[in-house]
Number of protein chains: 2
Amino acid sequence: MASTLHDVARLAGVSIKTVSNVINDYPHVRPATRERVEQAIAELGYTPNLTARSLRSGRTGAIALAVPELGLSYFAELAASVIEAAEEAGVVVLVEQTGGDRDRELELLRSPRLKMTDGLIFSPLGMGQDDVDRLDVPYPLVVLGERIFDGPADHVTMRNIEAARAATEFLLRTGRRRIAIVGAHEGEVIGSAGLRLRGYREALDAAGVPFDESIIGYTTLWHRSNGARCMRELLDRGAEFDAVFGLNDTLALGAMRVLQEAGLRVPGDVAVVGFDDLDEARYSIPSLTTIDPGREWIAATAVRTLLERIEHPDAEQPARLLLADFRIAERESAGAALDSASAALESAGAILHQGAGADA
Amino acid sequence: MASTLHDVARLAGVSIKTVSNVINDYPHVRPATRERVEQAIAELGYTPNLTARSLRSGRTGAIALAVPELGLSYFAELAASVIEAAEEAGVVVLVEQTGGDRDRELELLRSPRLKMTDGLIFSPLGMGQDDVDRLDVPYPLVVLGERIFDGPADHVTMRNIEAARAATEFLLRTGRRRIAIVGAHEGEVIGSAGLRLRGYREALDAAGVPFDESIIGYTTLWHRSNGARCMRELLDRGAEFDAVFGLNDTLALGAMRVLQEAGLRVPGDVAVVGFDDLDEARYSIPSLTTIDPGREWIAATAVRTLLERIEHPDAEQPARLLLADFRIAERESAGAALDSASAALESAGAILHQGAGADA
DNA sequence: ATCGGCCAGTACAACGTTGTAGACTCGGCG
DNA sequence: CGCCGAGTCTACAACGTTGTACTGGCCGAT
């Protein structure tokens, strides 16, 4: 059905290798021959069989992206950015969902289905630091997220601690003193929750504000409903606070909903800050002040790094850690500065911290 | 680096075909031989080269999914469902973004990159009915959405007219009479906007409520911000209404935000209904009453239909139109019934209309 | 005893492409 | 005049897999 080099060669009266040479812009082809071949290609509507080309070249021109779930806005937007960056590099993206399940993540790492791709961008959620050895795979791999550090593969991620610290400092600077947390993970040290909580504590310590366990809300999965539930529990137990730091936007949005249901005004009574800068944060009521963690940069860097590894598979370059810059996206939910200094800051554009890209 | 059938065969002392037979569960292999081969496979960590297998078999085990943008929640959730359904069928999914741009959509349809897949699930947004002939492609294709009807390819979509009519009837039944529209497309007949507006008009006509152009809000792209802008325009020009039908959830959510900013209570002063049943609709404030258009069924059916076409490429079965059932997901933004009949209905569970799946 | 049929396993070709080696022509230079 | 090198093109092999056809050996039925 689909035509091959043989068909084109027969029609043009040349060998199949000459057709191949024309397609690949090999220079030593007479213009007359080239034209004859091109005409035959057009006539037959020939397109090269990429599978055969892959077999021959050992490259597929596809990369895999594994995320927990596209239904989670953060990963949907991450995937969008990865696909876009890959497209610019002429590469297509095969998307897998792991559900954030450790077993499925481990299984995926050794799945033969990856043989269809040249490498993997992997965002684990179920695996932890103990599984670090499982990242030692026989194909190019770039890891995202904060579940596993110092692994054998390149790692692109965000400045969780610094960003969370900046978010907390922002709230402190606007006069808030009792900053509740929504979404903490019990006993976690590494991982988004652990790192962001650490940034929060660093900011409190630096400002001399005591850490108060009673306004820390714990939960498991970072779903909207859990943000709501978490906030409801805080309110029910009579916790007192004048600000909320949701460890991601979905949590913050869920929490904000509960605050409003309870008759509290945002940001009047309680300021709310999130983390992720989802598209949605721009359109909530009120719009959500949040951390833009550099998602696009992360996506572009992950693709670029992976393609470099694919290009030079034998390069003995050690695994790198690449960190994105972040900024505070200041909006309504925590824009009302309580003193004049921060009011000036507010109008200035809100880039509070611009970390240096650690490309080394 | 990676081992091949040859390596395994050499180690096990058999021919490569026997190894192949073991892998493919060919029955006529002696248990002793099978075991020897399996041991060699384990020892070498052999996994089959899927590219070579694809070349040989003519099948890749991958399908492509082309959507406008994963940043749009509807398509992110659609993609999630498609990937899940494909996974169950043992197939992987290559995701492309067209940006809803007609030229990129047309280009994608003849892109050689599709050669890496067995078929395409295509959700166009820029193309229109005039481009129907472009869907006559030399590979299995399933079309989604409502941009193009009666094309040469299988088409899986939702009951836009009936669902929009049911949404409108729901508002009418709860006593609303002045139902504003957010997100109409000027002059559109086909397409989600055109069809949903038609369902709206049918409901009005059936109830003897006059259609009033002054409460129809027009916009272009269905982004949150456009829903907000659209609603602001309606308010600015002094339009009077007691309900809003957002032609999708993002529009409705944007509109709801503006209503609340303007001091109007939802659903007290204005009831709001959306369309899509995004995850987000469950967690907005108030939660959004909306149409569940059967997205999961659409995804599963698209995958199943595509795989059937791939399986039987020569079957001369004519292109089919497959329609999903829908239901009203009744939530807070339009739950407050104004009469006792609908109050009873409200507590009943809100499946207002259950269309029959047209699998013929 | 001979044949047909089943079992276990093998050799070869083919999927469509591209790298390598080489054939053939032609012009220029020694 | 003969040789070299560059230009143009071709034949062949190989990427790793699997379908087809085949070889023997064995058993039971004729």
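If you're wondering where the values come from, they're calculated on a predicted model, not measured in any experiment. Each chain gets a letter, A, B and so on, in the order its sequence line appears, and its residues count up from 1. The figures here come from the full heavy-atom set of this structure, side chains too, leaving out hydrogens, waters and symmetry mates.
- Formation of a donor-acceptor pair under 3.5 Å by the B:Gln97 side chain with backbone atoms of B:Leu70 is found in this model.
- For the salt bridge (Lys or Arg N to Asp or Glu O under 4.0 Å) test, no residue two or more places apart in sequence or in another chain qualifies with B:Arg34.
- Between B:Val92 and B:Ile83 there is no side-chain heavy-atom pair separated by less than 4.5 Å.
- Between B:His6 atom NE2 and D:dT18 atom P the separation is 12 Å, expressed in whole Å.
- Side-chain contact between B:Glu77 and B:Asp279 is present, with heavy atoms from C-beta onward closer than 4.5 Å.
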Under 3.5 Å, side-chain donor or acceptor atoms of residues 10-21 of chain A against the rest of the protein: list the pairs with distances, not counting sequence neighbours.
| unit_1 | atom_1 | unit_2 | atom_2 | d |
| --- | --- | --- | --- | --- |
| A:Ser15 | OG | A:Lys17 | N | 3.3 |
| A:Ser15 | OG | A:Thr18 | N | 3.3 |
| A:Ser15 | OG | A:Thr18 | OG1 | 3.3 |
| A:Lys17 | NZ | A:Asn21 | OD1 | 3.4 |
| A:Ser20 | OG | A:Asn24 | ND2 | 3.3 |
| A:Asn21 | ND2 | A:Lys17 | O | 3.4 |

Identify all side-chain donor-acceptor contacts of residues 108-115 of chain A below 3.5 Å with residues at least two apart in sequence or on another chain.
| unit_1 | atom_1 | unit_2 | atom_2 | d |
| --- | --- | --- | --- | --- |
| A:Ser111 | OG | A:Arg113 | N | 3.0 |
| A:Arg113 | NH2 | A:Glu96 | OE1 | 2.6 |
| A:Arg113 | NH2 | A:Glu96 | OE2 | 3.3 |
| A:Lys115 | NZ | B:Thr47 | O | 3.4 |
| A:Lys115 | NZ | B:Thr47 | OG1 | 2.4 |

Side-chain donor-acceptor pairs of residues 118-138 of chain B under 3.5 Å, sequence neighbours excluded:
| unit_1 | atom_1 | unit_2 | atom_2 | d |
| --- | --- | --- | --- | --- |
| B:Asp118 | OD1 | B:Thr60 | N | 2.7 |
| B:Asp118 | OD1 | B:Thr60 | OG1 | 3.1 |
| B:Asp118 | OD2 | B:Thr60 | N | 3.2 |
| B:Asp118 | OD2 | B:Gly61 | N | 2.9 |
| B:Gln129 | OE1 | B:Phe149 | N | 2.8 |
| B:Gln129 | NE2 | B:Phe149 | O | 2.8 |
| B:Asp131 | OD1 | B:Arg102 | NE | 3.3 |
| B:Asp131 | OD1 | B:Arg102 | NH2 | 2.8 |
| B:Asp131 | OD2 | B:Arg102 | NE | 3.0 |
| B:Asp131 | OD2 | B:Gly128 | N | 3.0 |

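- Counting only distance, with no hydrogens or angles, the side chain of A:His155 and the backbone of A:Gly145 share a donor-acceptor pair below 3.5 Å.
- Taken from OG1 in A:Thr157 to CG in A:Leu321, the straight-line distance is 7.5 Å, to the nearest 0.5 Å.
- Contacts between residues 109-118 of chain A and DNA chain D, defined by a heavy-atom separation under 4.0 Å, are absent.
- Note on the helix from C:dA1-D:dT30 to C:dG30-D:dC1: terminal axis deviation equals 70°, with five pairs used at each end and the result rounded to 10°.
- Residues A:Glu35 and A:Arg30 are not paired through a salt bridge, judged by the lack of any N-O separation under 4.0 Å between the basic side chain and the carboxylate.
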I'd like a table of atom pairs between the protein and nucleotides 23-28 of chain D - only N or O on both sides, under 3.5 Å - with the distance next to each one.
none

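- Look at CD1 on B:Ile23: it is 11 Å from C1' on D:dT18, rounded to the nearest Å.
- Between A:Arg320 and A:Glu308, at least one side-chain nitrogen of the basic residue sits less than 4.0 Å from a carboxylate oxygen of the acidic one, meeting the salt-bridge criterion.
- Against DNA chain D, the stretch residues 42-64 of chain A makes heavy-atom approaches under 4.0 Å through A:Leu55, A:Arg56.
- Distances shown here put every side-chain N or O of B:Ser20 at or beyond 4.0 Å from the OP1 or OP2 atom of D:dT17.
- Listed by first then second residue, pairs satisfying ring-ring contact (aromatic ring centres under 6.0 Å, His included) with a partner in residues 35-85 of chain A number zero, not counting sequence neighbours.
- Applying the salt bridge (Lys or Arg N to Asp or Glu O under 4.0 Å) rule to A:Glu105 yields no partners; only residues at least two apart in sequence or on another chain are considered.
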Inset, instruction - Using a 4.0 Å heavy-atom cut-off, write out nucleotides 3-12 of chain D from 5' to 3' as B (base contacted by protein), S (sugar-phosphate only) or - (no contact). - result: ----SBSBB-
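- Interatomic distance, B:Leu44 CG to B:Gln39 CD, rounded to the nearest 0.5 Å: 11.0 Å.
- Scanning for salt bridge (Lys or Arg N to Asp or Glu O under 4.0 Å) contacts around B:Arg36 gives an empty result, with sequence neighbours left out.
- In this entry the distance linking CG of B:Leu5 with C1' of D:dA14 reads 15 Å, nearest Å.
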